[in-house]
Structures are given as C-alpha cells and as structure tokens.
Amino acid sequence: MQHKTQLTLSFLLSQVLLLAFAEDLECIPGFQQKVFYIEQPSEFTEDQPVLNLVFDDCQGNNKLNFEVSNPDFKVESDGSLVAIKNVSEAGRALFVHARTEHAEDMAEILIVGANEKHSALKEIFKMEGNLGIPRQKRAILATPILIPENQRPPFPRSVGKVISSEGAEGAKFRLSGKGVDQEPKGIFRINEISGEVSVTRALDREAIANYELEVEVTDLSGKIIDGPVRLDVSVIDQNDNRPMFKEGPYVGHVMEGSPTGTTVMRMTAFDADDSSTDNALLRYNILKQTPTKPSPNMFYIDPEKGDIVTVVSPVLLDRETMETPKYELVIEAKDMGGLDVGLTGTATATILIDDKNDHPPEFTKKEFQATVKEGVTGVIVNLTVGDRDDPVTGAWRAVYTIINGNPGQSFEIHTNPQTNEGMLSVVKPLDYEISAFHTLLIKVENEDPLIPDIAYGPSSTATVQITVEDVNEGPVFHPNPMTVTKQENISIGSVVLTVNATDPDTLQHQTIRYSVYKDPAGWLEINPTNGTIGTTAVLDRESPYVHNNVYTALFLAIDSGNPPATGTGTLHITLEDVNDNMPSLYPTLAKVCDDAKDLRVVVLGASDKDLHPNTDPFKFELSKQSGPDKLWRINKLNNTHAQVILLQNLKKANYNIPISVTDSGKPPLTNTTELKLQVCSCKKSKMDCSATDALHIGMTLILLSLFSLFCL
C-alpha cells in the first residue's frame, strides 16, 4: 500500500510537469523529482523498497553516491530506497543526498499519516505556490529549488533551471531579489540565455532558510516581455549544529529522604537545526554520576523532557550517611532522536541533597565542670555538642537554655556561631561568702524544629558544676559616694566627716586603714585608723577646684590581706557661701569730647564672686567732690548698673573719679575704685586725648590736703 501510494503521488507530479512543459526536454542535473510524499506504514520492512529515486548528472553518473539522513535507510545503486532493518518510527522526513563528480542534489521524502494523504495531493496541485505554474497564462516556469546547506566547492554550481516558452529572438532571463541584487548580494545568478540558476557559495540554513527571488524575461532593450514570476529557493537542513545547554549553571536541590520519583530539576538543550526534522530532535541521557555511592544510579533523566528524578529509595537518600551531599551528573543531549549518528552536547548538573532536622543535638558529656573567682565576669566554660545534620543550617545550629539553678540571673549562655558550642558566662559577679558552689541544668535544641518522628532525648540536657574561689576583696565604703554640706571659710582643723568602710571578706579577720587618694586643692586629711576627715586649709567656694559649689575628694580603704586589697570612696562637700568677696567695678576708663552735647559719660557695672544674697543689689556712690561747683553725678540704673553724668563740659584733661560700690551681704562689703575719665578735643570726627593737663582733679585734691595739714 505504501509503495503504491508513493508511485501514485510521483506519477501525478511527473504528469503535471510533462503536461505543462512537454516541449522542454533538455537534461537538468540532479534528482528528476525532489519532493516525495509517502504514507506512514505500521513498519518499514527490512530490504523492502520504499520508493525509487532518479538522479542524473547529465554526464553518465560516474561515481554516484547516496547518503540518507536516517542511518536505518540506504539507497541501492538502482536508486531504490530501502530500510536496513525493520523500522517502526522514521520521523517526519528523510533527506537523500546524491553526489557525482559533476553534480550533487538533495531529495526530500515527507512521511505523512493516512489522514494527511489528501493534503499532500493538494500540495502537489498548488501550482503557483510550489511548482511555479501560474493560474493565468504564463510563459515562465520557475519551479521551487531545494539546496542543501554546507555544500562543498567547486562553485558556482547549478541548482535549477527556469524555462520560458517565449522564443522571441534576443530574449533574456533576469533574476532579482534578496541574495541577488539585495543583501546578501551575489549568492545566486542566472544564465540570461539558458535560464540555468547557480549558487556561488555554500549556504547556511540557520542564517537564512528561504530566499524569495523573481524571474523576468526581457528583450534586447531591457523591456520586460514576461514576468516577474516568483522563484522560491529553500535551504535544506543538514545536521551541522550540536545541541547546546545555554542556561547553566544547572543546580538542583532535593530533600533527603524524598520519595522515589521526586523531580529534582529539568535540563533543556537547544539545537539550531530545523526543529521539524530529526536534526533537532533531542534525547537526554546521564553519562556519568559522581560520586557513585551509595548507588551508581541515584538519578534518572527523562530522555524526552529532560526531567531529572530520584530512583533510589528514601533510605538511601540519607544525607548523613552519604560520602558527600553533592552529586554531579554529566548530562548528554543528542540530536537525531538519540541515534548513534546524532551530534551531542554535554553539561554538568549539580544536585545538592538538602538536610532536614532528623538528628537532635547531643551533649558530648553529661556533666561539665567550671571554676570562677568571685567578683569576676565573663565566659567560664564552653559546652560541646554533636549534631549530624548539615552545618550552617538551622537543623545544626544549637540554642542553649538554662532551665534550673539560676534564680539570681547570674549566668547566661550563648551559642558560638563558628563552633556551635555553648558559651556559659557569669554576668553578675559571684560572692564566695554567699555561695561557694552552683549547679546549673542546661538543655540544647536546634533553631529549626525536629521532624515529627524525632524527639529530644536525655542527651540533650547536661549539668554544669561551678566552684567559686575566694579572693581578697577590697573594703567597701558605706555609703559611696559620701555627701556633706559645710560653710566655706570654716576654721582649719574642723571635722568634715568620719567615713565607714567594711571588708566583704567576713571569713577573714582583717584590719582597715585609710588614706587620702585625691585631694585637688590640698584642703583635707584623714585619720588612718578611724577614718575621720578634717580640714588642713580654708575651704573656698570660689576656688577653681569647686564645681557647682561642690568639692570632690577620693579616699582609700586598705585591708591587711596579702597582698592587700583596696577600696575607693568618693566624698562630695557642698560649700555654703559667705560674704567674703568685695564687689568689683567695670569699666575703669571712659572718654568724652570737651564740647559733647550728651554728657552721659559711661554706664558702670558691678559683679561679685559670692552668691545671692551676698551680691546685688549694689549701692553706687561718688566720693565727696571738692571745689565750689560739682562736676558730675552718678545715677543708679538697676540692681547691678549705674550711669556717670557730667554736669558741665570740662576742659581737655584726665580726671580720676573715686566711686564706691557696696554689696548686700551681712555685713556688707565695700570697694572703692577710681574711674579714669579722659576729656578729649574732637574735630572732624577725630578724638584727640593726649593729656595737656596732668590729672586735673587729682592735683587739686593733693593741694587741698597739704593746705589742711598746714592749718592744723
């Protein structure tokens, strides 16, 4: 039936060509028929002819050789295509390549199903699309040209022929289109007389698979006589591209203990050949597995889809018993449906066996020992555990908890992130005199929960025995700091305070002596036996050693241990103010023009180092003025300031004005200060204060004083 169908299709095609162009009997090198349709049989039988191929190089077919794309078929010397063995599946197409010393060509055999047979016949009678036979009257026959890619030299080589029924004298063929006069230019050309079409170089189907050219017939002047007619050139694929894995690296994960058949990952390769042919029909295979234990076949790859799945039992997929949790598979992709003649490409798939928390952490021993000196903090012991799960995961990382023996929260435990050990620390200093021994109960768990079938056992708890060592502790002042309030200027030798220090080493009978540690101003002393602090100098609240009315000194209490231990006590003395500082006046120099209209000379201010109420309000007064006329007066502005005003313009001279200022202390303190007043000549905004009369008022006062003495 198959052979009969092939003959029918071939006969119809040949009759169509003969009826249309019976007058063209010139030999054209190549297959006399390039496309065949055969019906897919249930099986191609060994050595039974499938169809007959006719190849003619027009020069005797010397050294004729046939090659078939499917290695299960061959072409006999008489042109018969036969199967080498029984074949149930041959794909969708076969390609036969014929070559002699003078020509080569490619024939395509399309394998169709029974329901596709009528469609195949319709394809034959698509005259314009496939054979170039026009529906309207045309004189040009441009049958489709099939050219295998990657042909070998020599070039140019004939690939087809265009026929014209017009026999006009001087008629010429002209070819145009992509590949002729459009980029890529110069691939095809036509003999303008014979119509023979040739290719000038090897073609690459993966670059351009089809060319649509146009053929015209022109007269000697170049005028178009007929056409244009479309000429289709199809590049026949050869298996010249290996499968490639482009999406790497390929890394998959599967949880340990996963059921057989668990999908891990998918590997997909790409083949640049024609996807409708076996040249790009890929099949996958595992070439190598590393390591090969516990089974050399841990995984399987679906040959068509590329899915990698587990094929061992969940028991063997145990991460903790494996040589390594990482497997590397060398995956091969082969085209031609995996046949031996197919091209191959390889890639490596890395599969990681992920851990699940199926092993609880366990202490390496039931009891740990630690010794710590009293009064010391920090890590005292590292608790070690073992866990068979994957390090750096939550199934391995340990979490420690003190579950008993820590009522005072003196201990803490943290996980060392590098070693997974539990670092037990003292965070509150221990006291030997209170307790010399401590017992802690500690449990360990994982960050991640255990799987349902696993539970924490007795090995996940441990005891820590801690021994506290006695040390000679320094005496302690009570209270510390110590505070006292004293009035400044108390007499030397006054008692400030008697300090009290005790030795925490109650089991050791030791004596305590005292000494001064830091006394910035050198004002204090301490009795070494009873701790009484007294003054050795006057306390001064206004001293630079006093800050915010508080003087600070440090004292030592030293026990009689070997070596002796020392405790430090801080004393804060708050000093109360007394009126022991006279107020001061500022400024003490003023200038005024001799013709000034504004006789308000200067504003004076007063300050006092003491505290209120021993400071302002201040009282400002002028000393008694001599002479018949009063020259100035002073007006109080507020509690701290007053203004000196001239009563008349004065001659250019220097004047000393005695001014007294008194504070509000009890008893009050008064300070008299001379204000130097310079009366200057002022012209054109320039002030000249050079003294022409020496201390005018000062000399007058001296003369008056001498006169008074002589009158006595």
Side-chain angles (χ1 to χ4, degrees), residues 369-381 406-412 423-440 464-486 490 492-539 543 545-547 550-575:
Q369 304 288 333
T371 301
V372 59
K373 296 180 181 296
E374 65 171 332
V376 175
T377 60
V379 177
I380 59 173
V381 65
N406 191 27
Q409 304 302 308
S410 299
F411 302 94
E412 287 183 359
M423 300 182 296
L424 182 63
S425 303
V426 176
V427 293
K428 293 181 181 180
L430 304 177
D431 192 338
Y432 172 85
E433 285 71 29
I434 296 177
S435 178
F437 300 97
H438 297 268
T439 300
L440 304 180
V464 181
Q465 300 289 348
I466 302 168
T467 301
V468 182
E469 295 182 344
D470 188 25
V471 296
N472 185 24
E473 301 170 83
V476 179
F477 284 88
H478 304 283
N480 195 17
M482 302 161 281
T483 59
V484 66
T485 300
K486 293 293 179 179
I490 60 175
I492 297 175
S494 299
V495 174
V496 177
L497 179 72
T498 298
V499 301
N500 178 34
T502 60
D503 192 339
D505 297 309
T506 56
L507 302 180
Q508 303 176 26
H509 301 288
Q510 299 183 127
T511 59
I512 296 176
R513 56 187 178 87
Y514 301 94
S515 65
V516 176
Y517 180 39
K518 288 185 179 180
D519 179 18
W523 292 342
L524 305 173
E525 65 179 357
I526 188 169
N527 186 301
T529 303
N530 60 23
T532 299
I533 298 174
T535 62
T536 59
V538 175
L539 306 183
S543 167
Y545 298 106
V546 177
H547 302 284
V550 176
Y551 179 72
T552 301
L554 302 180
F555 297 90
L556 298 179
I558 307 168
D559 66 18
S560 57
N562 186 20
T566 301
T568 303
T570 302
L571 173 63
H572 295 308
I573 304 175
T574 300
L575 296 176

V464 and L424: which non-hydrogen atoms are nearest, and at how many Å? CG1-CD2, 3.7 Å
Suppose the criterion is ring pair (Phe, Tyr, Trp, His ring centres under 6.0 Å): which pairs have a residue in residues 512-536, not counting sequence neighbours? W523-Y551
Cut-off 3.5 Å, side chains only: do T371 and T467 have a donor facing an acceptor? no
Which atom of F437 lies closest to which atom of S435, heavy atoms considered: O-OG, 2.8 Å
Roughly how far apart are E374 CD and E433 CD, rounded to 0.5 Å? 4.5 Å
Residues in salt bridge (Lys or Arg N to Asp or Glu O under 4.0 Å) contact with E469, at least two apart in sequence or another chain: K373
What's the spacing between L524 CG and S494 OG if we round to 0.5 Å? 11.0 Å
Are V426 and L430 side-chain neighbours, meaning at least one heavy-atom pair lies under 4.5 Å? yes
Is any side-chain heavy atom of T574 less than 4.5 Å from a side-chain heavy atom of K486? no
Which atom of G522 lies closest to which atom of A537, heavy atoms considered: O-CB, 4.3 Å
Evaluate side-chain contact (heavy atoms from CB on, under 4.5 Å) for V496 paired with T535, printing each intermediate quantity in order. CA-CA 7 Å; V496 177; T535 62; 3.7 Å; yes
So which heavy atom on G375 is nearest to which on P429, and how close? CA-CB, 3.6 Å
Contacts of type salt bridge (Lys or Arg N to Asp or Glu O under 4.0 Å), residue K518, not counting sequence neighbours: none
For I573 and V550, what are the C-alpha separation, side-chain angles and deciding distance, and is it a side-chain contact (heavy atoms from CB on, under 4.5 Å)? CA-CA 5 Å; I573 304 175; V550 176; over 6 Å; no
Would you say the side chain of D503 lies within less than 4.5 Å of the side chain of T511, judging by non-hydrogen atoms? no
Taking all non-hydrogen atoms of both residues into account, name the closest pair between P475 and P504 and its distance. CA-CD, 4.1 Å
Mind jotting down which residue pairs meet the side chain to side chain donor-acceptor pair (under 3.5 Å) criterion with at least one end in residues 474-483? Sequence neighbours excluded, please. H478-T502
Above 12 or not: heavy atoms from other molecules or residues under 6.0 Å from OH of Y432? no
Measure the shortest side-chain to side-chain distance between I558 and S515 over non-hydrogen atoms and say whether it is less than 4.5 angstrom. yes
Residue list, side chain to side chain contact (heavy atoms under 4.5 Å, CB included) with N472, at least two apart or on another chain: D505, Q508, Q510, D559, A565
Value rounded to 0.5 Å, distance of OG1 in T566 from CG in L556: 6.0 Å
Could you state the interatomic distance from OG (S543) to CG (L575), rounded to the nearest 0.5 Å? 9.0 Å
Derivation and outcome, side-chain contact (heavy atoms from CB on, under 4.5 Å), residues I533 and L571: CA-CA 10 Å; I533 298 174; L571 173 63; 3.8 Å; yes
Nearest 0.5 angstrom please: I512 CD1 to N530 CG, how far? 12.5 Å
Are T529 and R513 close enough, and set up right, to give a side-chain contact (heavy atoms from CB on, under 4.5 Å), and what steps lead you there? CA-CA 5 Å; T529 303; R513 56 187 178 87; over 6 Å; no
If the condition is side-chain hydrogen bond (donor to acceptor under 3.5 Å, both in side chains), which residues does T377 pass it with, not counting sequence neighbours? none
So do V427 and F411 actually touch side chain to side chain, heavy atoms under 4.5 Å? no
Is there a side-chain contact between F477 and T570 (heavy atoms, below 4.5 Å)? no
Where the side chain of T532 meets the backbone of T498, is there a donor-acceptor pair that is under 3.5 Å apart? no
Distance only, no hydrogens: is a donor on one side chain within 3.5 Å (strictly under) of an acceptor on the other, for Q465 and T439? yes
Distance (rounded to the nearest 0.5 Å) between I492 CD1 and E525 CD: 10.5 Å
